[in-house]
Trainee: 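To start, I am sharing the structure in question, which I have written as structure tokens.
All residue numbers refer to positions in the sequence shown, counting from 1. Here the structure is a predicted model, which is why all the values come from computation and not from measurement. All values below come from the heavy atoms of this structure, side chains included, with hydrogens, waters and symmetry mates left out.
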Amino acid sequence: MNYKNFTLITADSRKVIPGALFVAVKGFSSDGHDYIAGAIEKGATGIICERIPEGVDTAGVEVEVVENSRRALALAADAFYDHPSGKLTLVGITGTNGKTTTVTLLYRLFRSLGYQCGLLSTIANYVGDERYETENTTVDPVSLNALMAQMVEKGCEYCFMEVSSIGVEQDRVTGLEFAMGIFSNLTHDHLDYHGTFAEYLRCKKLFFDNLPQKAIALINADDKNGSVMVQNCNATTVTYSVRGLADHTARILEQGVEGMLLKIDGVETWVRLIGVHNAYNVLAIYSAAVCLGADPSQTLVALSKLESAPGRLENISGPRGITVVLDYAHTPDALENVLKCLRTISSDRQLICVFGCGGDRDKTKRPEMAQIAQQLSDRVVITSDNPRTEDPEAIIADIKAGLDPLSLAKTLTITDRKEAIRTAILTAPDGAIILLAGKGHEDYQIVGHEKRPFVEKDIVNETFKLMLQ
């Protein structure tokens with residue numbers, strides 16, 4: 001089948017136009033095979049599927065029956081767009097935490113070094129300067145290849161991309177030619193989808209198993225799963241460490257609210273990020289840049305000018321010395337990292353944690369996050385996050401199950417997230433630091449199947465204005 005003979009390629013029968021190639025993919029709520037007849041009626045001249053449904057007339061239509069139509073979709077998309085990933089230096093990062101910060105700052109770093117770049121991230125996708133909204137960490141393979149084809153057309157040399165475990169498992173990145181794969185860390189997340197930690201790890205490892213021999217596998221040597229990732233990996237392994245020996249190392253010398261002083265490969269460098277987890281992110285960025293041929297000295301200078309990704313330890317200063325910090329931390333490990341970071345740099349200030357847990361997601365992490373928040377904060381406000389189709393009160397009950405009676409007595413519960421934020425700010429003592437965890441860059445709240453506008457920054461600023469009246 002010559003994929004370039006078609007007008008477009010799609011797995012969505014609603015997008016079929018005359019001359020299209022329709023790929024029937026079995027999903028969680030619907031089966032694309034049920035829409036083959038409709039796609040043909042709309043003018044599809046090609047069908048890729050795992051089976052031909054009984055009674056469907058495929059006369060005059062080119063049909064290819066495959067074992068795995070998800071994989072076939074990715075390979076067809078790659079061919080349809082003329083293998084765009086091979087015309088870019090494609091860098092993918094996988095891991096539980098740090099993906100968004102690392103790819104966003106790599107994108108900014110290489111642009112500051114004079115390169116045209118693309119970005120595929122949780123926050124947004126960029127083709128050069130042009131922004132495209134995204135709903136998934138790793139978008140579908142047709143959109144991925146279409147975006148990379150635009151990058152090639154716009155003269156981009158590099159593309160920096162978040163690679164999720166779900167994206168790997170669902171063959172969204174199959175067929176892409178990665179020049180580098182970065183492993184950040186592996187902790188508790190997405191078990192609602194994968195079922196077990198072992199399966200979650202397997203999907204992460206699969207990304208490295210598929211790297212070509214000429215690629216580089218950049219691995220966090222301090223994570224016990226780092227060595228597992230590169231077992232049977234054909235790529236060249238390069239390591240980085242904040243605690244021990246590795247090909248690239250960093251140590252934290254000083255840190256405060258405005259940033260931290262690092263010693264990276266023996267050279268002292270000030271960066272505008274804080275926390276041990278960001279020391280890892282910065283070191284991964286530096287190591288990746290050097291591996292890709294950037295000058296080490298120029299890279300360190302450029303790194304010192306970069307600011308964090310949106311919604312990642314983003315500070316808003318208000319009246320009475322109160323500081324609100326927005327962060328996307330939505331896993332036990334991420335919440336612990338952020339709270340420890342804030343505690344380290346401001347031990348003399350009261351630390352208040354406002355957080356919730358998403359609905360229709362892994363329930364086992366809820367009580368664990370409550371325990372972490374209680375142990376590392378002076379005050380805790382439990383609230384709603386993205387409840388989706390779950391009852392917010394039931395989610396909060398799961399969270400509170402992790403607390404003993406004494407801890408519960410010191411914990412405030414306000415289901416309405418806007419009210420929880422306002423209450424935390426208005427009742428905070430002078431000089432307090434208030435962490436709003438879980439939403440970060442998100443400008444919405446998902447209730448049921450509805451996405452409602454919800455911008456935490458605006459709520460914080462409105463509350464600060466109220467305090468000044």
Trainee: Name all residues meeting the side-chain hydrogen bond (donor to acceptor under 3.5 Å, both in side chains) criterion together with D12; count only those two or more places apart in sequence or in a different chain, and write none if there are none.
Mentor: R14
Trainee: List the residues meeting side-chain hydrogen bond (donor to acceptor under 3.5 Å, both in side chains) with S317, not counting sequence neighbours, and say none if there are none.
Mentor: none
Trainee: Tell me whether K42 contacts the main-chain N or O of S13 through its side chain, where contact means a donor paired with an acceptor under 3.5 Å.
Mentor: yes
Trainee: Quick one: sort the F160 and F110 rings into parallel, tilted or perpendicular, breaks at 30° and 60°.
Mentor: tilted
Trainee: What pairs with R312 under side-chain hydrogen bond (donor to acceptor under 3.5 Å, both in side chains), at least two apart in sequence or on another chain?
Mentor: T100, H441
Trainee: Identify each donor-acceptor pair in which a side-chain atom of residues 458-469 lies under 3.5 Å from a protein atom, sequence neighbours left out, and give them as a table.
Mentor:
{"from": "N461", "atom 1": "ND2", "to": "K457", "atom 2": "O", "distance (Å)": "3.2"}
{"from": "T463", "atom 1": "OG1", "to": "I459", "atom 2": "O", "distance (Å)": "2.7"}

Trainee: Who passes side-chain hydrogen bond (donor to acceptor under 3.5 Å, both in side chains) against K410, sequence neighbours left out?
Mentor: none
Trainee: Using side-chain contact (heavy atoms from CB on, under 4.5 Å) as the criterion, list what pairs up with T415, not counting sequence neighbours.
Mentor: P392, E393, I396
Trainee: Are any of the side-chain nitrogens in D129 or R111 under 4.0 Å away from the carboxylate oxygens of its partner?
Mentor: yes
Trainee: Suppose the criterion is salt bridge (charged side-chain N to carboxylate O under 4.0 Å, His left out): which pairs have a residue in residues 342-351, not counting sequence neighbours?
Mentor: R343-D378
Trainee: Looking only at heavy atoms, which two atoms of L326 and I316 are closest? And how far apart?
Mentor: CD1-CD1, 3.8 Å
Trainee: Taking ring pair (Phe, Tyr, Trp, His ring centres under 6.0 Å) as the test, write out the residues that go with F207, two or more places apart.
Mentor: F178
Trainee: What residues form a salt bridge (Lys or Arg N to Asp or Glu O under 4.0 Å) with D404, not counting sequence neighbours?
Mentor: none
Trainee: What residues, two or more places apart in sequence or in another chain, satisfy salt bridge (Lys or Arg N to Asp or Glu O under 4.0 Å) together with E67?
Mentor: none
Trainee: Checking Y107 now: which residues fulfil ring pair (Phe, Tyr, Trp, His ring centres under 6.0 Å) with it, not counting sequence neighbours?
Mentor: Y126
Trainee: Would you please name every residue forming a salt bridge (Lys or Arg N to Asp or Glu O under 4.0 Å) with D430, sequence neighbours left out?
Mentor: R320
Trainee: Counting heavy atoms not belonging to R251, are there more than 12 under 6.0 Å from its CZ?
Mentor: yes
